[in-house]
Amino acid sequence: MTTPTTYWRLAGMTYVQYVSRASSTVRAALKEPAKSKAAKNEVFSFNSSIWEAGKIGPKVPKAN
């Protein structure tokens with residue numbers, strides 16, 4: 001019996017690449033008004049901090 005493998009792994013992709021491609025395909029297939037709502041959720045931002053000498057530095061906002 002062979003070991004089961006996921007399709008994205010067989011395609012030579014990482015899970016993040018697979019999810020990104022699948023979500024963009026789904027967003028492209030949507031009709032209005034769902035398409036414009038999904039486009040708003042596509043953009044995100046996060047905060048990043050740099051650790052120095054065991055202490056956390058200030059938060060720096062980042063965008064994708």
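Nothing here was measured: the structure is a model prediction, and the numbers come from that model. Residue numbers count from 1 along this sequence.
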*Shortest non-hydrogen contact from K59 to S49?*
CG-OG, 3.5 Å
_Tell me whether W8 shares a hydrophobic cluster with L10, the cluster being built from Ile, Leu, Val, Met, Phe, Trp, Tyr side chains joined at under 4.5 Å._
no
*asked:* If you compare all heavy atoms of E32 against all heavy atoms of K35, which two are closest, and at what distance to 0.1 Å?
replied: OE2-CB, 3.6 Å
*Shortest non-hydrogen contact from P61 to N47?*
CA-OD1, 3.5 Å
_Using only atom types and a distance under 3.5 Å, with no angle test, would you say the side chain of S24 pairs donor to acceptor with the backbone of S20?_
yes
